[in-house]
Amino acid sequence: MDSRTVLGHLLGAAVGLLLLLQSTQSVHIKYQGFEVQLESVKKLSALEGQQEPSPHLQTKSLLPSVCHHPALPQDLRPICTSQEAASIFQTLRTIANDDCELCVNVACTGC
């Protein structure tokens with residue numbers, strides 16, 4: 001193999017590695033001691049839109065109904081242990097919808 005071929009392979013590998021690293025970076029939101037991914041908060045909003053309120057669950061639990069959803073992202077589950085889960089979820093949704101992806105919000109990291 002000549003040096004140009006080796007250099008070409010190395011350059012190709014370097015570009016592939018950079019693309020892989022860029023795709024693994026994600027934006028995180030830090031709020032009230034919890035750190036969650038922006039993508040998880042977006043999934044939270046979608047899950048809440050899918051769920052029909054259950055009167056039985058609402059009377060039995062003070063937790064938001066989404067805490068009982070099996071598809072709730074793992075990084076959001078610890079929030080369900082908080083007595084302020086409903087307000088924390090609301091604030092996270094507000095942060096996520098309010099320029100978080102542009103890293104304007106101080107609660108967002110990973111840009």
Side-chain angles (χ1 to χ4, degrees):
M1 224 187 276
D2 69 4
S3 62
R4 282 187 267 170
T5 305
V6 172
L7 184 60
H9 286 292
L10 287 175
L11 183 60
V15 168
L17 182 60
L18 286 173
L19 290 174
L20 179 64
L21 287 173
Q22 185 178 7
S23 68
T24 59
Q25 286 183 338
S26 61
V27 175
H28 288 83
I29 301 173
K30 294 178 183 178
Y31 182 72
Q32 300 246 338
F34 297 102
E35 183 173 341
V36 299
Q37 293 182 11
L38 175 61
E39 289 304 312
S40 296
V41 178
K42 290 180 178 181
K43 289 177 187 174
L44 168 71
S45 298
L47 289 176
E48 289 175 331
Q50 293 173 0
Q51 266 188 300
E52 295 178 23
S54 167
H56 178 69
L57 280 178
Q58 287 178 347
T59 58
K60 289 276 186 187
S61 174
L62 298 175
L63 293 175
S65 60
V66 74
C67 286
H68 303 286
H69 199 293
L72 183 68
Q74 284 297 112
D75 58 331
L76 295 177
R77 292 187 185 277
I79 295 172
C80 292
T81 63
S82 170
Q83 292 178 345
E84 300 172 9
S87 66
I88 292 171
F89 283 144
Q90 178 60 44
T91 302
L92 289 174
R93 282 191 306 276
T94 301
I95 290 170
N97 291 329
D98 203 23
D99 296 325
C100 188
E101 290 184 278
L102 301 176
C103 296
V104 175
N105 196 311
V106 295
C108 301
T109 61
C111 300

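Annotation for Gln37 and Asp75: closest pair N-OD2, 2.8 Å, computed over non-hydrogen atoms. The nearest pair of heavy atoms linking Ser45 to Arg93 is OG-CD, 3.2 Å. Taking all atoms of both residues into account, the shortest heavy-atom contact from Cys80 to Leu63 is O-CD2, 2.8 Å.
One distance of note links CZ of Phe89 with CG of Leu47; it measures 10.0 Å at 0.5 Å rounding. How far NE2 of His69 is from NZ of Lys43: 12.5 Å, rounded to the nearest 0.5 Å. How far CZ of Phe34 is from CG of Leu76: 10.5 Å, rounded to the nearest 0.5 Å.
Side chains of Val36 and Leu44 form no contact here, defined as non-hydrogen atoms less than 4.5 Å apart.
Each of Asn97, Leu92, Thr94 was scored for a side chain to side chain contact (heavy atoms under 4.5 Å, CB included) with Val41, with one residue passing: Leu92.
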